[in-house]
Amino acid sequence: MELGLKGKVAIVAASSQGIGRAAAEAFAAEGCRVAMCARNERTLALAADRIRKQHSAEVFDRTLDVTDAAAVRQFVEAVVTKFGAADICVTNAGGPPAKGFLAASVEDWHKAVEASFMSTVHFAREVIPHMQRRRWGRIITITSITTKQPVADLVLSNAVRGAVVGLVKSLANEFGKDGILVNNVGPGFTATDRLKELAKSRSTASGTSEREIFDSWAAEAPLRRLGEPREVADTIVWLASDRASYVTGQTVLVDGGMYKGL
Ligand code: NAD
């Protein structure tokens, strides 16, 4: 299927590993020029290099923290200077730690808002004017199944991700007239380092083995397995493509059917 993505410029935030990295790789495989960023210089450089080599892709990478508004502005400016556009922007960051309400400190709440919500604001503020100029753009946020259904011990995610969905819907309404489509992707349990961290913290708290925790997560999905980062990435690429040209303001879950609502 022709996705119409060849030559487009795709920014993928927080993309040195996990779902972000898989998305960067999937865009490169479709012939996009890709801009990646993350905090860890070495992991990011390795990921960018691999994508360059595997897909003969043009990849720009910069070490930064997505909660730093000035760094995000300079990154987007550098991408536009290098590639001439910012057509697609996937916002992403590490997820908040697993905690119950009384265990979460005020600092935890501020950090969760900064990483999960404000990072999206920073990227949207920078890329939208460039997208408006070309009358074409795609913003895709990576959040979680928690936007639809709370997950135990993830009170920070359960609460803060909803704000991202409100932002997605608002941006979709405000900028649809400019040809900018804004959607949200909510992964279910997906086999990345983030999930290993969650398993470890649950295992410590409950005394259950990490293996049993992974098995119980897999059992929650009708497909009876965890998702692969590539499967989330494929949905992100579809949403960015011409094949999704009448889809905006939506949350698409990639959760193996784990969400139990209608
Ligand atoms: P991950 O921990 O494997 O990767 C996170 C990436 O973000 C890494 O590249 C890391 O370097 C980067 N990063 C983290 N904080 C950053 C910051 N402040 N600035 C720049 N880069 C930063 O995580 P993942 O599993 O790929 O998850 C991606 C998103 O999807 C997270 O928000 C996570 O909560 C969410 N999610 C994941 C799952 C899952 O099961 N893996 C489920 C639901 C939601």
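Computed from a predicted model, the values in this text were never measured in an experiment. Each ligand, and each atom within it, is numbered from 1 in the order the structure gives. In what follows, every heavy atom counts, from backbone to side chain, and hydrogens, waters and symmetry copies are set aside.
- The contact set between ligand 1 and Ser16, taken as ligand atoms under 4.0 Å from a residue heavy atom, comprises 8 (C), 9 (O), 11 (O).
- Listed by number with element, the atoms of ligand 1 under 4.0 angstrom from any heavy atom of Ala38 are 11 (O), 20 (C), 21 (N).
- With a heavy-atom cut-off of 4.0 Å, Arg161 touches ligand 1 through its side chain alone.
- Nearest protein heavy-atom neighbour of atom 43 (C) of ligand 1: Pro187 O, 3.2 Å.
- The pair Asp87-Arg138 does not meet the salt-bridge criterion, since no charged nitrogen lies less than 4.0 angstrom from a carboxylate oxygen.
- Side chain of Thr141 to main chain of Thr143: no donor-acceptor pair is present (N/O by atom type, distance under 3.5 Å, no hydrogens or angles).
- Considering backbone and side-chain N/O of Ala93, one or more are found under 3.5 Å from N/O of ligand 1.
- Residue, atom and distance of the protein heavy atom nearest to atom 40 (O) of ligand 1 are Thr190 N, 2.7 Å.
- Close contacts between ligand 1 and Asn92 involve ligand atoms 28 (C), 29 (C) [criterion: under 4.0 Å to a heavy atom].
- Shortest contact from atom 25 (O) of ligand 1 to any protein heavy atom: Thr192 OG1, 2.4 Å.
- For a threshold of 3.5 Å applied to N or O pairs, the pair formed by Ser144 and ligand 1 contains no separation below that value.
- Scanning Thr143, Ile142, Leu64, Asp65 for the heavy atom closest to atom 36 (N) of ligand 1 points to Thr143.
- The option with the heavy atom closest to atom 5 (C) of ligand 1, from among Gly94, Ala47, Ala24, is Gly94.
- Judged as a side-chain contact (heavy atoms from CB on, under 4.5 Å), and not counting sequence neighbours, the contacts of Lys260 are Gln149, Met258.
- Shortest contact from atom 19 (N) of ligand 1 to any protein heavy atom: Val66 N, 2.9 Å.
- Residue, atom and distance of the protein heavy atom nearest to atom 1 (P) of ligand 1 are Gln17 NE2, 3.5 Å.
- The backbone N or O of Ala70 lies less than 3.5 Å from a partner atom in the side chain of Asp68, making a donor-acceptor pair.
- Of the protein's heavy atoms, Arg39 NE, 3.4 Å lies nearest to atom 16 (C) of ligand 1.
- Close contacts between ligand 1 and Gly188 involve ligand atoms 38 (C), 39 (C), 40 (O), 42 (C), 43 (C) [criterion: under 4.0 Å to a heavy atom].
- Defined by atom type and a distance below 3.5 Å, a donor-acceptor pair is missing between the side-chain atoms of Thr192 and Thr190.
- Of all atoms in ligand 1, numbered sequentially from 1 with element shown, those under 4.0 Å from a heavy atom of Gly18 are 3 (O), 26 (O).
- Summary of contacts: the protein heavy atom closest to atom 6 (C) of ligand 1 is Ala14 O, 3.5 Å.
- Salt-bridge formation is detected for the pair Lys99/Asp108: a Lys NZ or Arg NE/NH1/NH2 atom is positioned less than 4.0 Å from an Asp or Glu carboxylate oxygen.
- A salt bridge links Lys111 with Glu107: at least one charged nitrogen is closer than 4.0 Å to a carboxylate oxygen.
- One distance of note links CG of Leu171 with CG of Asp178; it measures 11.5 Å at 0.5 Å rounding.
- Proximity to Leu195 (heavy-atom distance under 4.0 Å) selects the following atoms of ligand 1: 40 (O).
- Between Glu231 and Arg225, at least one side-chain N (NZ, or NE/NH1/NH2) sits under 4.0 Å from a carboxylate O, which counts as a salt bridge.
- Residue Ile19 has at least one nitrogen or oxygen atom sitting less than 3.5 Å from a nitrogen or oxygen atom of ligand 1, judged on distance alone.
- Residues Asp61 and Arg52 are paired through a salt bridge, judged by an N-O separation under 4.0 Å between the basic side chain and the carboxylate.
- Side-chain contact between Val252 and Leu239 is present, with heavy atoms from C-beta onward closer than 4.5 Å.
- Checking Asp234, Thr235, Ile236 one by one against Val232, the side chain to side chain contact (heavy atoms under 4.5 Å, CB included) holds for a single residue, Ile236.
- Checked against a 3.5 angstrom limit, the closest N/O atoms of Thr67 and ligand 1 fall outside it.
- Close approach of ligand 1 to Phe189 (heavy-atom distance below 4.0 Å) involves ligand atoms 40 (O).
- With hydrogens left out, the protein atom closest to atom 23 (O) of ligand 1 is Arg194 CB, 3.3 Å, a heavy atom.
- When all heavy atoms of Leu156 and Pro97 are compared, the closest pair comes out as CD1-O, 3.7 Å.
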